[in-house]
Amino acid sequence: MAPEQPEKFSEVLYDLDEVVMDGLTHWQSPGWFGYFPANASFPSILGELASAGLGQQGMLWSTSPASTEIESRVLDWLVDLLGLPPEWKTTGPGGGVIQMSASDSTHTALVVARHLASRSAGIDSLVAYTSEQAHSSIEKGARVAGYQHLRLIEVDDVYAMSPPALETAMSEDLDDGLTPAFIGSAVGTTGTTAVDPVRRIGEIAKEFEVWHHVDAAYAGSAMICPEFRHLQDGVELADSYTFNPHKWMFTNFDCSVFYVRDRSPLIDTLSILPPYLRDQVSESGQVIDYRDWHVPLGRRFRALKLWFVLRSYGAEGIRHHIRQHVALARDLEQRLADDDRFELIAPTPFALVSFRHVDGNDATENLGTAINASGHSYVTPSKIGDLAFIRVSIGQTHTEHRHLDRLWSVIDRAA
Ligand SMILES: Cc1ncc(COP(=O)(O)O)c(C=O)c1O
């Protein structure tokens, strides 16, 4: 029963410790190797607290000028820090906006693509394309955006989208009177962090005049280290791009970044201007009103925590941690490769290691269960088709070598 009378706050906190904590999953533990990380940091938590205390509502520039300006500034910084095309800055034709999740960013891209393509074709004829390994948010976004046709394009032996298969599917659809409207490619798929050939897909998108969205939800953070940028070669051809600081940039959930190469189609698609939202500053055309950049109108000051993180760590600090996670992943990959009991099922371009037990699916599933029963380490048992495997995702803020050793000891014992 909900309390009728006010309770002491100490009692509420007591229940948080004694009742709720036991029911939580410890994503912030250094032994967390599940899914992708949703890491956090002290500056980010302070930024979240400050944002809650300041209670800003930045739907229009004028309803919170500083929160809009900081958001634009921080996302422009990230364009430079991640080596993204300079025209994606808000000072250029493009720009970035913070959304709740990569699913929201991808949904927005699908809606803009639909808006553009439906100027010359019926909505029923529009087709969206992505790979069989793409995140389910593309399928969900396409459904919500009203696409009647979604093609899941086959992948090669390292789970990256096949450009010839994409071209064939698009040509066949055109022959059948359908209209290709959207391609979603991935830099770092959820299953195994496979990397689609972004440049070739971007060229195909240009040939067919369709919107190309790049989903780098997890791997985008790694681009702060120049040595990973070749993996998204051709990104300048993309129309939009998303990555999640709330996965691997020490910024607590929620914080997903969405960039567009040109902000005009986005604003044309989403801007609706009732009288109560009009004001002189907006009409001057000199400012950004982020309400036009996504579905929600109201928006909180999410940029503050990212600003706190970037300033407190510095780019060098973030690079240091990301490189450390990648080095730990390479260490684990090597241990597995050197051991006859295991096989790697995919390359490790970032910090996710995908492996299985050579004795087959049952042995692999039993191993996953044993690791997760350890109480100190947690991994994600998964499948591609009928192939069972284990995903070890290294990216929690405080994961160190000793945590990897602890994980290895249970793998070694249970295999
Ligand atoms: C490649 C990829 N895209 C999209 C998503 C969805 O992210 P979000 O939870 O921010 O919607 C994920 C989640 O893990 C992902 O791995």
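Counting starts at 1 for both ligands and their atoms, following the listed order.
- Among protein residues, Phe36, Ser101, Ala102, Ser103, His135, Ser137, Gly188, Thr190, Asp215, Ala217, Asn244, His246, Lys247 come within 4.0 Å of ligand 1, judged on heavy atoms.
- Partners of His135 under the side chain to side chain donor-acceptor pair (under 3.5 Å) rule, at least two apart in sequence or in another chain, are Ser137.
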Please walk me through it: do Gln334 and Val353 pass side-chain contact (heavy atoms from CB on, under 4.5 Å)?
CA-CA 10 Å; Gln334 196 58 53; Val353 183; over 6 Å; no
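- At a cut-off of 3.5 Å, with distance as the only test, no side-chain donor of Asn366 or His357 sits close to an acceptor on the other residue.
- With Ser105 as the partner, the side chain to side chain contact (heavy atoms under 4.5 Å, CB included) test is satisfied by one option alone out of Val257, Thr242, Asn244: Thr242.
- Between the NE2 atom in His212 and the OG atom in Ser240 there is a gap of 8.5 Å [rounded to 0.5 Å].
- Among Lys89, Gln232, Met223, the one residue that satisfies the side chain to side chain contact (heavy atoms under 4.5 Å, CB included) test with Leu84 is Gln232.
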